[in-house]
There are 2 protein chains.
Amino acid sequence: MKKNLTLKQIAKELDVSISTVSKALKNSDEISEATRNKIQAFAKLYNYKPNNIALSLKNRKTKTIAVIIPEIVHDFFAMVISGIENLANQSGYNVLICLSNESYEREVINMEMLASGSIDGFVISLSKETQAKKDYHHIKEIINQGMPVVMFDRVTREVYTDKVIIDDVLATQEAIQYFISKGRKKIGFITTPDYISVGRLRTEGYKKTLEANGIDVNENLILRIEDESQLDTMIDDFFEKNEFDAVMAVNELYAVKVLRTALKRGIKVPEDLHLIAFTDGVISKNSIPSISTVKQNAFKMGEIAARLLIQKLESENEHEHYITEVVGTELLHRETTTF
Amino acid sequence: MKKNLTLKQIAKELDVSISTVSKALKNSDEISEATRNKIQAFAKLYNYKPNNIALSLKNRKTKTIAVIIPEIVHDFFAMVISGIENLANQSGYNVLICLSNESYEREVINMEMLASGSIDGFVISLSKETQAKKDYHHIKEIINQGMPVVMFDRVTREVYTDKVIIDDVLATQEAIQYFISKGRKKIGFITTPDYISVGRLRTEGYKKTLEANGIDVNENLILRIEDESQLDTMIDDFFEKNEFDAVMAVNELYAVKVLRTALKRGIKVPEDLHLIAFTDGVISKNSIPSISTVKQNAFKMGEIAARLLIQKLESENEHEHYITEVVGTELLHRETTTF
DNA sequence: ATGAAAGCGCTAACAT
DNA sequence: ATGTTAGCGCTTTCAT
């Protein structure tokens, strides 16, 4: 490992003191122009780069924020990240991404690693395992140490901090109500186990809407998928045992599997089966037929999360006050619904 | 910002020296068991966490590696990252991800930020803009400073370092040869501009195969897509002006667009049109019909890249020797080809 | 105009 | 068994 050029070396080489070099490079007018020029030229020539680590130690500021997401192969998270990057870069912040891979342990490890010095704040969406365990110690601790954390999408009431979410109940109600308005009554709902916050809320929205319309909730029409490796068989089985005229899925992967299964069984979409998914990503847009979705404005969510975080970072006062921003959603009709 | 507990504070609180605390926490037997216990108990109680920044400054080691990728909404990159994470985590390394967003400037900014202290090494796939500009100064510089860099997929001969690639020419030849073996002659090829290394190589493989089989290369049948926002119109136009019995696309997004266009035009797939794509991701798997692909073993590529990097990091000797690992590919038949 | 020195949090060689 | 000290690279206050 060749070592990086340091102030010390420059100082020695040019036979001045370290502090003179430091000041000269900052263009301080404490230093004569001649010396300044000489030092700057030298630094440039040998491509001096200040050591960020040393700077962070000193300043306790890194101008970088970290995003912790459960998985990367998911357009919703990818788009949120784009939003975060967009706003953060504009404000002069760099963005680091870490994956929890839906694992509690990796979430903790990554956060602890970063929390101790490397970054100024977090944007996080909880891993499945964390939500299942309901153990939020690591996050509370980080907040207690004074590091700002903004949560998005998969959040929890148990941590008091800024949050960015959509109204999952409402968004689902809107979709289900649409099905009903089209005369659909046998509405299937494919979701996650209830310990995942958004899955639970969406299921709640589904049930509420049926009840509000005087339709009995049939638990058989709700499929909760725990283990994605069994997606295909579970959905196939779901169709084997039930009959639907509409299905809603909590993400686009589940939705496209439904679509495949339905078509394979000779069910016509959208004529015989209406389908709406959460997450307006590449799958929904490009599937054939393309899938109608609840547009979550993921990019905007990312921007808001970044804005909230940076505001906290740059405000002096103790931040006793936290807010939850609810981003609006939109029902986007494509080829799996009739408009 | 409440401050983190430091060795100094513990030392003061317990009325011992800082180094005693440091040693005690490392369970050094230089320290009496009594003192050790006392200090460890205190540290635990107040939840002491060593400051990574300080450690890095000291050790010049961070045990974390950074991955720089052009974009996140792309299964190939997502899967490579999984592979990297897998191997890195096993070896006790953390992984940080940064996006270049296909921009030269962001690639440079991110790398420079990280290079100066925050990480031990890089795994990178070049951004489009970097490949177009052919400006690799930032990477060469980092390597010169003694920081190991491993490149994957979008690489360049101009930087001498470890690389992980597939044999793009060969993989394409295999696919095109398959088309030909099925009697297909009007073979379209949808690719990127030639400045993108993998696009160029794949185009080369396409042409070579045709020539080897005595088929004239018709440049009209090659569509180079620069600007993805025009994907739909360009492909539509491509089909308007030409007739195909087979098409190969350099990624799954292009492929699914081809599929949509073909079906919309009443072309039967795979009967009238064979289709093969690079990238074996969610789109190919879930499209209807599902798309036959060149499986790039992205996960494995990630693992190899991480392994190469970590080997360099942990070997003492000056690493004068670099290798390029070529990962095997596989033609995966699904519903857009007949087997 | 320039430099010395302290300090950020930690480790480790070297006292005591 | 415990402590002192120097040093990692940098900034900044306080001399000179």
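Since we're looking at a predicted model, the values are computed, not measured.
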Rounded distance (Å) that lies between atom P of dT2(C) and atom CD1 of I10(A): 16 Å
Short side-chain N/O contact to dA1(C) OP1/OP2 from R36(A), under 4.0 Å: no
T64(B)-N94(B) side chain donor-acceptor pair, cut-off 3.5 Å: no
Contact list for residues 89-103 of chain B, test salt bridge (charged side-chain N to carboxylate O under 4.0 Å, His left out), sequence neighbours left out: E102(B)-R154(B)
Sugar-phosphate, base or nothing in reach of T35(A), heavy atoms under 4.0 Å: sugar-phosphate
Phosphate OP1/OP2 of dG9(D) contacted by K49(A) side-chain N/O (<4.0 Å): no
Listed partners of K8(A) passing side chain to side chain contact (heavy atoms under 4.5 Å, CB included), at least two apart: T6(A), I18(A)
Pairwise ring pair (Phe, Tyr, Trp, His ring centres under 6.0 Å) hits with a residue in residues 66-101 of chain B, at least two apart: H74(B)-F77(B)
Flag for T62(B)-D120(B): side-chain donor and acceptor within less than 3.5 Å: yes
Between C1' of dG7(D) and NZ of K8(A), the distance in whole Å: 7 Å
Whole-Å distance separating the CG atom of L55(B) from the C1' atom of dC8(C): 13 Å
N or O in side chain of T20(A) less than 4.0 angstrom from dG3(C) OP1/OP2: yes
Nearest-Å distance for atom pair CD/C1', residues E33(B) and dA1(D): 13 Å
Atom-to-atom span, CG of L57(A) to P of dC8(D) - whole angstrom: 14 Å
Nearest-Å distance for atom pair CG/C1', residues N51(A) and dC10(C): 15 Å
Within residues 38-48 of chain B, residues whose heavy atoms come under 4.0 Å of DNA chain D: none
DNA chain D: 5'-proximal contact among A54(B) and S32(B) (nearest heavy atom): S32(B)
Pair listing, ring pair (Phe, Tyr, Trp, His ring centres under 6.0 Å) test, anchored in residues 129-160 of chain A, at least two apart: Y104(A)-H138(A), Y160(A)-Y322(A)
Quick test: give all pairs of protein nitrogen or oxygen and nucleotides 12-14 of chain C nitrogen or oxygen below 3.5 Å, distance rounded to 0.1 Å.
| unit_1 | atom_1 | unit_2 | atom_2 | d |
| --- | --- | --- | --- | --- |
| dA13(C) | N6 | K23(B) | NZ | 3.4 |

Partners meeting side chain to side chain donor-acceptor pair (under 3.5 Å) with Y48(A) (sequence neighbours left out): none
Sequence-distant partners of E85(A), side chain to side chain donor-acceptor pair (under 3.5 Å), two or more places apart: none
Bend angle of the helix from dA1(C)-dT16(D) to dT16(C)-dA1(D), from helix axes over five pairs at each end, nearest 10°: 60°
Sugar-phosphate only, base, or nothing, as touched by N52(A) at under 4.0 Å among non-hydrogen atoms: nothing
Distance, rounded to the nearest Å, where I53(B) contributes CD1 and dC8(C) contributes C1': 11 Å
All salt bridge (Lys or Arg N to Asp or Glu O under 4.0 Å) counterparts of K58(A), not counting sequence neighbours: none
Phosphate contact (dG3(C) OP1 or OP2) by S17(A) side-chain N/O below 4.0 Å: yes
For atom NZ of K61(B) and atom P of dT11(C), their distance in whole Å: 16 Å
All pairs passing salt bridge (charged side-chain N to carboxylate O under 4.0 Å, His left out) where residues 19-30 of chain A contributes a residue, at least two apart: K23(A)-E30(A)
Salt bridge (Lys or Arg N to Asp or Glu O under 4.0 Å) partners for E105(A), two or more places apart: none
Nearest-0.5 Å distance, CD1 of residue I124(B) to NZ of residue K163(B): 12.0 Å
